[in-house]
2 protein chains.
Amino acid sequence: MHLRMTNQREIILRELKKSRQHLTADELYDRVKKDMPRISLATVYRNLEILSGAGLIGKLEISGRQKRFDYDVTEHDHIYCTVCHKVNNLDIERQGLHAKEVKAVKGYRVTGYRLEVIGVCPACQKRKEKKEKKK
Amino acid sequence: MHLRMTNQREIILRELKKSRQHLTADELYDRVKKDMPRISLATVYRNLEILSGAGLIGKLEISGRQKRFDYDVTEHDHIYCTVCHKVNNLDIERQGLHAKEVKAVKGYRVTGYRLEVIGVCPACQKRKEKKEKKK
DNA sequence: ACTATTAATAATAATAATTATTAAAAAAGA
DNA sequence: TCTTTTTTAATAATTATTATTATTAATAGT
């Protein structure tokens with residue numbers, strides 16, 4: 001029983017890929033609405049769940065309130081901006097931590113790990129500098 | 001202007017430390033209620049925010065729906081169970097990733113990173129084995 | 001000690017994000 | 001085509017968290 005590619009599913013997937021960003025459900029909803037004005041937010045949520053379950057997209061449980069979805073399903077890490085809450089890919093090698101190091105930690109069955117660098121993105125740094133000058 | 005240690009604050013802090021676990025606000029609320037039955041959940045939330053702001057406890061934005069709070073404020077990583085959603089300390093050295101490696105990633109000002117190993121805890125593995133046998 | 005000021009609390013309402021329900025529409029199978 | 005299943009839109013419900021507000025408690029100034 002494989003995934004049926006419905007119209008709304010197709011558009012959701014296409015818009016996420018097109019964005020090349022890590023969008024939240026509601027950000028994606030805003031984009032998808034332009035092509036399909038009658039779609040509902042719940043449909044976006046449901047299909048993001050289905051698409052990530054099928055491995056077509058990634059679901060990021062990242063810092064911050066909302067989940068974000070990733071068009072890139074290959075293994076990679078992220079960097080999170082504490083000011084604008086946006087997420088970017090981290091293009092360093094996953095050299096630091098190898099599965100074997102982590103295996104058998106306290107009897108856990110390890111399935112993966114999540115590395116998230118925290119910081120302030122260039123855009124938010126600039127925005128802050130401007131504010132400082134005003135003072 | 002430093003933190004005033006009120007009665008409820010004291011009890012919240014004490015119960016979190018006593019638990020030696022990474023509790024959610026409502027888990028902690030249940031424990032604190034035993035000593036102070038008239039406390040409200042909002043008070044627990046507010047004071048956890050204040051205590052973590054003051055650096056007396058840690059706030060974990062971990063996988064899973066709810067935030068968890070940590071009695072241990074020293075730098076360390078966590079392992080997350082995808083079945084029971086509980087969090088444990090990861091006692092491996094933070095050897096893999098050093099701040100310098102991560103510095104200047106894409107122009108970000110890096111403030112830290114978060115490493116979260118994902119897996120299934122021993123207790124949940126056992127519980128699953130039992131279920132398998134029943135079949 | 002008394003009063004004013006400020007801060008913290010409990011109770012509750014509001015918000016935000018997500019998930020569930022349901023009736024209707026679309027698609028697939030017989 | 002008729003029947004069954006799946007998906008959808010609309011909406012209600014839920015969950016986690018934060019804000020509001022009136023009351024209470026703590027602290028500071030006199």
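All values derive from a computational prediction rather than experimental measurement. Below, chains carry the letters A, B, ... as their sequence lines are ordered, and counting in each starts from 1.
Cluster membership for A:M5 and A:V73, using ILVMFWY side-chain heavy atoms within less than 4.5 angstrom, is not shared.
Within 6.0 Å of CZ on A:R65 lie no more than 12 heavy atoms contributed by other residues, nucleotides or ligands.
Atoms CD (A:E61) and P (D:dA16) sit 13 Å apart, rounded to a whole Å. We find that CD of B:Q66 is positioned 16 Å from P of C:dA17, with the value rounded to whole Å. As a whole-Å value, the separation of A:L3 CG from D:dT6 C1' is 12 Å. For the pair B:M5 CE and C:dT9 C1', the computed distance is 16 Å after rounding to whole Å. In this structure, B:I11 atom CD1 and C:dT9 atom P are separated by 11 Å, rounded to whole Å. Rounded to whole Å, atom P of C:dT9 lies 14 Å from atom CZ of B:R38. Distance CD (A:E10) to P (D:dT7): 14 Å, rounded to an integer number of Å. The separation between B:N7 atom CG and C:dA10 atom C1' is 15 Å, rounded to whole Å.
Side chain of B:H85 to backbone of B:G64: no donor-acceptor contact under 3.5 angstrom is found.
Residue A:T43 is classed as a base contact, given a heavy-atom separation below 4.0 Å to a base.
Scored by the salt bridge (charged side-chain N to carboxylate O under 4.0 Å, His left out) test, B:D26 finds no partners at all (sequence neighbours excluded). Under the salt bridge (charged side-chain N to carboxylate O under 4.0 Å, His left out) criterion, A:E10 pairs with no residue at all, not counting sequence neighbours.
Listed pair A:Q8 / D:dA9 meets the phosphate criterion, a side-chain N or O lying under 4.0 Å from OP1 or OP2. A close approach under 4.0 Å does not occur between any side-chain nitrogen or oxygen of A:R65 and OP1 or OP2 of C:dT15. Listed pair B:Y45 / D:dT17 meets the phosphate criterion, a side-chain N or O lying under 4.0 Å from OP1 or OP2.
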Next item on the list: Walk me through it: do B:D72 and B:H22 pass the test side-chain hydrogen bond (donor to acceptor under 3.5 Å, both in side chains)?
Entry: CA-CA 9 Å; B:D72 180 0; B:H22 305 80; over 6 Å; no
Next item on the list: Check step by step if side-chain contact (heavy atoms from CB on, under 4.5 Å) holds for A:Y113 and B:D77.
Entry: CA-CA 11 Å; A:Y113 70 90; B:D77 303 302; over 6 Å; no
Notebook entry, point to check: B:S63 and A:R114: side-chain contact (heavy atoms from CB on, under 4.5 Å), yes or no, with the steps?
Noted result: CA-CA 9 Å; B:S63 283; A:R114 198 147 76 72; 3.3 Å; yes
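With rounding to the nearest 0.5 angstrom, the NZ atom of A:K33 is 8.5 Å from the CG atom of A:L41. Summarising the geometry, atom CG belonging to A:L56 is positioned 11.5 Å from atom CG belonging to A:L48; distances are rounded to the nearest 0.5 Å.
Residues of residues 47-56 of chain B that place a heavy atom closer than 4.0 Å to DNA chain C, in numerical order, are B:N47. Of the residues in residues 15-36 of chain A, none lies under 4.0 Å from DNA chain D by heavy-atom distance.
Out of D:dA9, C:dT18, C:dA8, the shortest distance to the side chain of A:K67 is found at C:dT18.
Within the 4.5 Å cutoff, no side-chain heavy atoms of A:F69 are placed close to those of A:L23. Side-chain contact between A:L16 and A:L51 is absent, with no heavy-atom pair separated by less than 4.5 Å.
When the options A:H78, A:E27, A:E61 are evaluated for a side chain to side chain contact (heavy atoms under 4.5 Å, CB included) with A:R68, the one that passes is A:E27.
Side-chain contact check for A:S19 and A:R31: no donor-acceptor pair (N or O, by modelled atom type) lies under 3.5 Å.
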Item checked: Summary of protein contacts for nucleotides 21-30 of chain C, nucleotide by nucleotide, where a base hit scores B, a sugar-phosphate-only hit scores S (4.0 Å, heavy atoms) -> -------S--
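When the local axes at the two ends of the helix from C:dA1-D:dT30 to C:dA30-D:dT1 are compared, using 5 base pairs at each end, they differ in direction by 20° after rounding to 10°.
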